[in-house]
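Residue indices begin at 1 and follow the sequence shown. Note that these values count all heavy atoms, side chains included, but never hydrogens, waters or copies made by symmetry.
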Amino acid sequence: MTRIAIVVLALLTGASALVAAVVVSPWWWFAAVPLTVLGLLGAGDLLQRRHSVLRNYPVLGHARFLLERIRPELQQYFVERNFDGRPFDRDVRTIVYERAKGTDAEQPYGTERDVYQPGYEFLVPSMAPCPVPETPPRVRVGGPDCTRPYDMALLNVSAMSFGSLSANAVLALNAGAKAGGFAQDTGEGGLSDYHLRPGGDLIWEIGTGYFGCRTRDGDFDPAEFADKAAHEHVKCVSLKLSQGAKPGIGGVLPGAKVNAEIARVRDVPEGRTVISPPYHRVFDTPRELVRFIARMRDLAGGKPTGFKLCVGSRRQFLAVCKAMLEEGTAPDFIVVDGGEGGTGAAPMEFADHVGAPLTEGLLTVHNALVGTGLRDRIRIGASGKIATGTDLVKRMVQGADYGNAARAMMFAVGCIQAQRCHTNTCPTGVTTQDPRRARALDVGDKAPRVRRFQEATVASALQIMASMGVTDPADLRPHMLRQRVDPFTERSYEELYEWLEPGQLLAEPPASWAADWKAADPGRFAV
C-alpha cells in the first residue's frame, strides 16, 4: 500500500541519513532530522485508531486538525450556519464531535445568535423546573393490531444503507446502538451481517427496490421477507415511500460500490449500478398501501410496522388516513423525513426545493392523525437534521414522539463532510467500499462514540425539558416553543399554527382543511 510504503521509505531514508551524519558529514543532520520525524509521525498515524483521516492520510492529515484549531479566527470570514440557514452560536459538528468523545463542555459568554432576527426560536423555561429523570423515557410503538410492541428510544440511528456506508461504519453504528439501548434503521439496502453481528436493535427498512426480499425480476418476495423479519434483532419493519433529500426519484448505488457482498445482501447483480425506482410495485392506491402495511405486519410475526415519507400533498396523506379508517387497520408508526434532510447522496435542486421541511411535515401528519382520531394508535418519528437536544425537544413539541439522526451519527463515527460519498473515496472510511479506506475506521473506537453521542444528546433533551417543567415528552405543548416573526413580535407555535382537535375532521372539518378533506380519495393518489 502506498501510504505504508512512503512511511517506511521515510524511516529508512531517515535512518540512512542519521548514519551518514555520524560517519560522513554533519551536514546530513539537516536531512536526517526532518525525515526521521516525518517517518515516526507517519508510523504513529498508521498505528493509532482514533482518527480515520490520519490512518488514511498519515502526516498530511494533520493539516486538517491545524485548520480546526485556527477556525475561531476564521469564523469572521466564513459564517457558520445552522441547518435551517440561520447563523448560530456553535458549529453542530463541534457539538457532535465533543459529545461523541465525551468532552462536551459548557461554553460561556452568551449566544452568538441575533435573537431579534425573524425566525429565531426559543423554548420556554418554567419558574418551577422539574428534576431530570434518572432513566430516559421510551416510546411504546405498537397499535392494536401489533402483537409484539417495541419500546423505542428518544433518539435512534436514522436510515443509512450498507453499500452507501462501509461495513465498518455499519458495525460501529450497530455496536453503539447495542451498548446504548437504542435502534438502528438499516436503510433500504438490505439486512446485512454487519447489521446483525453486534446485536443491536434494528428497524428493517424496505424501499422501492425491495432489496434483501426481492424476486429476480424486482418484485417483493414475501417468503424471504418473512424469514429475515423473524430475526430476533429486527424489532420493527419500515416501508420507505420517500426520503427527505430526494422525494419521488428513488436512489442510485454506483456499480463501483456493488461488490459481491453488497450484491448478495441486496439480491442484485455484482458490479452493476443499482437503481431504486421512484414508485412501489406492490400498491397503486392509498387503500392498497394500508393493506400492504398490514400484510407486512402479519409476515413479520406481529412486529411493529410503519412507513416513512417526506410529506408533499396534504390531500394525499388525508387519503391514506381515510383508507386506514375504511380498512380498519393502520401502521404502528410513521417516520416523517424533512425536505432539508440528507447525508450526501441527493441532487442539489431536490435537496433545496422539493418536499416539505420537517416542521411542516410533522404538523401535517400529527394534525391529520389527530383530526381523524388515529393519533393514539400511531407513533410519529422525526428524521431531518436532528443533532442536538434542542432539535429533539422542538420536534417533539411539533408532534413527534421520537427522533432519528443520520448526519450526526455519521459525524460520530468520523465523517468530516468531505462530500465525496458518491466517489468511493471517502477519506475517513465512512462512505466507501474500498477496503483499504474503510479499514481506517476502527469499530472499537467509533462504537463508543456513537453511544456517547446519543446518550449525551438525550440527556441534553431531558435537561431542557426539565427546565421547562416537563419530565414526560407527551406533556410538551405547542405554547412551549416560540418564534420571532419580526424584530418586535414573537408568537408561540400554538398561535402560529392550527392544531386540530381529536376527531375534528370526522365531525366538522375547519375551513382550512375542508377542501383537502373532501377531495381526499382512498382509492387514488390524487394531486
Side-chain angles (χ1 to χ4, degrees), residues 143 159 188 205-210 214 218-220 237-251 275-297 305-339 341 346-347 349-350 353-358 360-375 377-378 380-381 383-384 399 500 505-506 509 512-527:
E188 64 177 305
E205 182 177 279
I206 311 299
T208 54
Y210 310 119
R214 62 185 262 142
D219 279 323
F220 176 72
V237 179
S238 177
L239 184 71
K240 192 193 89 167
L241 304 186
S242 60
Q243 67 186 81
K246 46 185 178 181
I249 62 169
I275 305 294
S276 300
Y279 53 84
H280 277 274
R281 293 187 180 190
V282 293
F283 64 85
D284 292 310
T285 68
R287 188 176 285 112
E288 290 174 353
L289 165 62
V290 171
R291 290 173 181 168
F292 185 69
I293 293 290
R295 183 188 180 199
M296 290 177 67
R297 182 166 47 225
T305 306
F307 64 85
K308 179 179 83 172
L309 84 164
C310 175
V311 174
S313 166
R314 183 171 71 175
R315 185 173 300 178
Q316 289 184 343
F317 188 79
L318 288 174
V320 175
C321 292
K322 282 187 175 180
M324 296 178 198
L325 294 170
E326 292 186 8
E327 294 296 321
T329 186
D332 301 295
F333 63 91
I334 297 173
V335 176
V336 181
D337 205 8
E349 287 183 275
F350 270 79
H353 302 293
V354 182
L358 185 53
E360 282 73 17
L362 283 173
L363 292 172
T364 296
V365 172
H366 172 76
N367 277 294
L369 295 178
V370 170
T372 53
L374 295 165
R375 184 64 177 90
R377 65 185 294 176
I378 300 174
I380 298 177
S383 175
L500 300 187
L505 290 174
L506 305 178
S512 57
W513 286 72
D516 284 337
W517 177 249
K518 182 179 180 180
D521 183 355
R524 64 192 184 102
F525 285 107
V527 178

Is there side-chain contact between [X] and [Y], with at least one heavy-atom pair below 4.5 Å?
{"X": "Leu369", "Y": "Arg377", "result": "no"}
{"X": "Asp284", "Y": "Phe525", "result": "no"}
{"X": "Arg297", "Y": "Thr329", "result": "yes"}
{"X": "Trp513", "Y": "Leu500", "result": "yes"}
{"X": "Ile380", "Y": "His366", "result": "yes"}

Tell me if a side-chain donor or acceptor on [X] pairs with a main-chain N or O of [Y] at a distance below 3.5 Å.
{"X": "Glu188", "Y": "Glu205", "value": "no"}
{"X": "Arg315", "Y": "Ala526", "value": "no"}
{"X": "Asp332", "Y": "Gly306", "value": "no"}

Report task. Look up atom CZ in Phe283 and atom CG in Leu239, then write down how far apart they are to the nearest 0.5 Å. Result ->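 Separation between the atoms: 5.5 Å.
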Report task. Step by step, work out the side chain to side chain contact (heavy atoms under 4.5 Å, CB included) result for Ser383 and Lys308. Result -> CA-CA 9 Å; Ser383 175; Lys308 179 179 83 172; 5.5 Å; no
Which heavy atom in [X] sits nearest to a heavy atom in [Y], and how many Å separate them?
{"X": "Gly523", "Y": "Arg287", "result": "CA-NH1, 3.8 Å"}
{"X": "Val237", "Y": "Phe333", "result": "O-CZ, 3.3 Å"}
{"X": "Leu506", "Y": "Thr372", "result": "CD1-O, 3.6 Å"}
{"X": "Asp521", "Y": "Pro286", "result": "O-CG, 3.8 Å"}

Query - Parallel, tilted or perpendicular, as decided by the 30° and 60° cut-offs, for the rings of Phe220 and Phe292 - result: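 It falls in the perpendicular class, over 60°.
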